[in-house]
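Reviewing the structure listed below.
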Amino acid sequence: MKTLRKKVYVAAGYNTMFFGPGRKEFHPKKPMRPFEDYLNETFQGTSSQLANTDFDEGVFTNFAAMRFIRQGNLPGFLPYITKSLKGKPCTRVEGACGSGGLGIAAAVKTILSDLADSVLVVGGEIQNSMKSVYGADVLSAAGYYKGDRKDGHAYFFPGIFSDRAGSYGSVYDKDLMRQGMAKWYELAVTNSRKNPKSQEYHNKVEDLFGLGLTPPNGKVFMDHLNLYDCSKVTDGASSLVVSSEEGLKKLGVKLKDAVEITGFASAEGDITEKPADPTVLDITKIAAEKALQMADITINDLAMLELHDCFSIAALIALETIGFAKKGKGAEFLLEGNTKVSGKIPTNMSGGLCGFGHPVGVSGVRQMVDLLHQLTDKAKQQVAYKNPFGMMVCMGGDDKTVSVFVTRKSQS
Amino acid sequence: MLEQALKNVSIIGAAGKMGSGISLLLLQEMTRLEIVDNPDGKIPAAILNLVDRDQQVLKGLLSYLKPQLVRYAEKNIVALRANLSSRTDLVDNAEIIEEYVNRAFLIANPTSNSEDTKDSKLIFEAVFEKLELKEQVLSALADICSPETLFFTNTSSIPISVVEKAAKLEGRLIGYHFYNPPAVQRLVEVITSPTTPDSFKKISDEIGKRLNKVLVPANDIAGFIGNGHFIRDSLYGITQMEKLSGELGQDKSVLIINRVTQDFMIRPMGIFQLIDYVGLDVVQMILDTMDRYIEDEALSSQYIQDMLQAGISGGQFSDGSQKDGFFQYQKNIPVSVFDLNHKTYVPISKSLNNDCDKYLGELAPEFLPWKVLSRDRNKHEKMKAYFTKMFQQNSKGAELAKAYLMNSREISENLVKGGIAESAEDVSKVLINGFYHLYGPENSLF
């Protein structure tokens, strides 16, 4: 069994507001906050929690700045936001929606290699620079473009997960699945209402579950997904520091303000392959099992979870794949309230991708920031946990680039 | 048959307010057909002549069409991707949309030469609403085009039988009254004459479907259903306003009747704002036409004539903003009101509004504005609750509204009695689809 050769911590997390349709301030025709603004804000948020910012390295996570804002060479934005990284190694990591998780994994490995004591990880993404019909073109690059884009749905990724929902509904109880997905939407928005930075914060709909039950209509949108099953188009940034124990001291972070990463795994699927069984997330399963194994715990030890709910069906299948619910029982698991703040495994307390928002290359970093806030008791919607463990699952594309992290409250 | 006809079409007056919208609708549909028939992208055989007086206005038309076509393609991306599935070179949505717009511009032929229409199978005429002009334009086209060419005239008031006779187009002319803006409003009033053959009526129905319009048949009597109601509704409003003006002054009485028709009656805008939107000059033109062809009913307004005399015409600027009329507007919201006696605009101040409120009395507590109700799935129940309460109220506002609603109902009854509308439902259809009313004059609300 692989274990970590030394302790690795995460600290000083910060998320900007996640901006896009749903926010009151959002108006597609008005000028929007530029990329640089988000980066400066998130770095301010992170650095304000540090006595000094003398990082050894930097990692930038992003999916498609090259097309959304025609900006490449993103590592160059790290010395832009903090002079301390000028002349130091900086890397950009891309794994579609899995970029954030992959970036944190890269930082962890750098710490483990002893080449650095602290790595600043920044995720930034702008997606509202174009209408969603064109944004879909950009995002489709997270799938197998040459093989699948032409025959795919105009909105591509909703189409892929609609197909998964279609398969799931033909194998298991379709109505129950719809109820489970509606419940997911209800919880995502309910949690977001406690998070002023979230995209769904202003959502005032009374009957969220009822809205989530809206029957999908392929003529208007997707055959098996409605609009409420989908995360939205989001601009935002998040940042944190990955560090050794020595690094924490150098940056002036108290142990109680950091969380420890006790297990992690990245796993990759063949981008040209279609899922053998669309009702399962194979690669997610591998990554979760390895991360738990490294942390030497089981899912029963987890007090909280951050799931990659780009679509409600993805979350439902992930809950089954990882083993929280039996196969075909994910919807019941949700309807029983197991993922609520007081449930068995509180999940996505800040709203998740469906509620908080999904700036694609940022989401993994955002998830880690939220786990950090939970396990250092600073969350807006705090879980009253007994066990000190949390886990996050970050997925790129259709279960292709997956990173899973197990975090533990620091033992001082 | 129709598919073939849609290969060569002309719009006359293509750059005008109505013509540009009609041009867009036809170009969208012809391009869609072209893509279905010819996905490989050979040079299109279809042609849509966009005829107007000079290159300058045609340039304006093209700059209007471009973003609208892009928007259409964006909205219909799923269907377009399916239609272009054989084109391996077009993969991204952006490429599909570009292909659609490029194809449309190969079909469109902006021209100021009416001879270009000679091979057209269908002609849509949308020149200014003036009988003599329409007669002149249509008879010239009748000479240019083949005897099989079918004509649609966009008229809101002029009897078809008069025009078709004058232009020697008997049996080949249908009135197709689009509402403004044609690309958005779903209503088209269809006016046939006794000589219109069934085969032509069928084509007219099919085109309506293709353009995604709600067609309502109207008998060939000046003003038809839409203006038949609107003009009489307006005249009633002006009369009520004049009655009040002796006591309250013109500024207040215009505001009061406007408030009654908008708020108390839950309409999208008050009657004077609507007259401004249509244009007082256009209203005058329609009044003249109706007065000329409708006997036993005086259809004229000294008040409108006096306003026009004072240089107040309403209507819109080319950017869609509102010209001065009964009101002056800022961002399409009335900010001052015209006092005809003093020939001056009076600012709509808080105290002026308060005076009007005081006079009108309070709205029933069940009141919800048109904008809110129009998006409400349970609007029927909510309006029923409101109108039930309103009809029990004795305030001046409620009394004026009740009388106004009853007058509107009487206009509707007369339109049916006079054979202009086939049924009260058709009148409602016109008011709901063409004027965005939330209920028809005949209803189960009051």
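Here is the naming used below: chain letters follow the sequence lines, and residue numbers restart at 1 for every chain.
Here the side chain of Lys150(A) pairs no donor or acceptor atom with the backbone of Thr88(B) at under 3.5 angstrom.
How far NE2 of His153(A) is from CZ of Arg81(B): 9.0 Å, rounded to the nearest 0.5 Å. Taking CG of Asn93(B) as the reference point, atom CZ of Phe156(A) lies at 11.0 Å (rounded to 0.5 Å). Separation of atoms CG (Asp137(A)) and CD1 (Ile77(B)) is listed at 7.5 Å; rounding is to 0.5 Å.
Only the side chain of Ile97(B) comes within less than 4.5 Å of a heavy atom of chain A; its backbone N, CA, C and O stay farther away. Neither the backbone nor the side chain of Lys219(A) comes within less than 4.5 Å of any heavy atom in chain B.
Within 6.0 Å of CD in Glu25(A) there are more than 12 heavy atoms belonging to other residues, nucleotides or ligands. Remark: Lys174(A) NZ is loosely packed, at most 12 non-hydrogen atoms of other residues, nucleotides or ligands lying under 6.0 Å away. Other residues, nucleotides and ligands place more than 12 heavy atoms under 6.0 Å from the CE atom of Met269(B). For Glu362(B), the CD atom counts as loosely surrounded, since its 6.0 Å shell holds 12 or fewer non-hydrogen atoms of other residues, nucleotides or ligands.
Ion pairing between a basic and an acidic side chain is recognised when a charged N comes within 4.0 Å of a carboxylate O; Arg67(A) and Asp92(B) show such pairing.
Ranked by heavy-atom pairs shorter than 4.5 Å toward chain A, the options Glu74(B), Glu95(B), Arg87(B) are led by Glu74(B).
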